[in-house]
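The structure appears right after this line, and notes come after that.
Side chains are part of it too, since the values below use all heavy atoms of this structure and drop only hydrogens, waters and symmetry mates. Computed from a predicted model, the values in this text were never measured in an experiment.
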Amino acid sequence: MMFGAAAVDLIREKRFGYMVSYRNGKIGSVPIYEAIKELKKVDLNCSEIQTARALGISFGCE
């Protein structure tokens with residue numbers, strides 16, 4: 001819910017080209033080009049992915 005509210009704030013502030021981010025325990029924003037300028041991989045064995053899989057969430061790689 002907090003991510004959604006932050007996204008609405010970006011729109012209200014006309015900060016197009018930005019996306020909501022979560023860094024160091026805080027919600028903020030970052031220019032989209034900064035977020036995608038380098039490939040970031042997720043460890044498929046991390047606890048969050050394993051929990052999602054246990055709940056039946058598919059990531060399209062199975």
Side-chain angles (χ1 to χ4, degrees):
M1 188 162 104
M2 293 169 48
F3 265 56
V8 170
D9 286 342
L10 288 174
I11 294 167
R12 186 176 39 81
E13 296 166 5
K14 297 184 175 161
R15 294 183 64 207
F16 305 110
Y18 283 76
M19 61 176 272
V20 177
S21 66
Y22 184 77
R23 289 190 204 180
N24 302 320
K26 297 185 181 194
I27 293 178
S29 63
V30 62
I32 290 174
Y33 70 84
E34 183 181 316
I36 65 170
K37 69 182 176 186
E38 67 181 61
L39 181 63
K40 299 171 188 86
K41 295 184 178 184
V42 174
D43 177 7
L44 298 179
N45 294 311
C46 71
S47 63
E48 291 85 354
I49 298 293
Q50 296 304 317
T51 299
R53 284 185 174 152
L55 293 171
I57 297 172
S58 172
F59 295 96
C61 57
E62 288 83 29

For the atom pair [atom1] ([X]) and [atom2] ([Y]), what is the distance rounded to the nearest 0.5 Å?
X   : Y   : atom1 : atom2 : value
I11 : F16 : CD1   : CZ    : 6.5 Å
R53 : N45 : CZ    : CG    : 7.5 Å
M19 : F3  : CE    : CZ    : 8.0 Å

- Query: Do I27 and V20 pass the side chain to side chain contact (heavy atoms under 4.5 Å, CB included) test, and can you show the C-alpha distance, the side-chain angles, and the key distance before you say yes or no?
  - Reply: CA-CA 7 Å; I27 293 178; V20 177; 3.7 Å; yes

Testing the basics here: between [X] and [Y], what is the closest heavy-atom pair and its distance to 0.1 Å?
X   : Y   : value
D43 : I49 : O-CG1, 3.8 Å
S29 : S21 : N-OG, 3.5 Å
K40 : A35 : NZ-O, 2.6 Å

- Would you check if the side chain of E13 reaches a backbone N or O of V8 as a donor-acceptor pair within less than 3.5 Å?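 No: the side chain of E13 does not pair with the backbone of V8.
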
- Message: Run the side chain to side chain contact (heavy atoms under 4.5 Å, CB included) test on V30 and R23 for me, step by step, so that the C-alpha distance in whole Å, both residues' side-chain angles and the decisive distance to 0.1 Å come before the verdict.
- Response: CA-CA 10 Å; V30 62; R23 289 190 204 180; 3.2 Å; yes

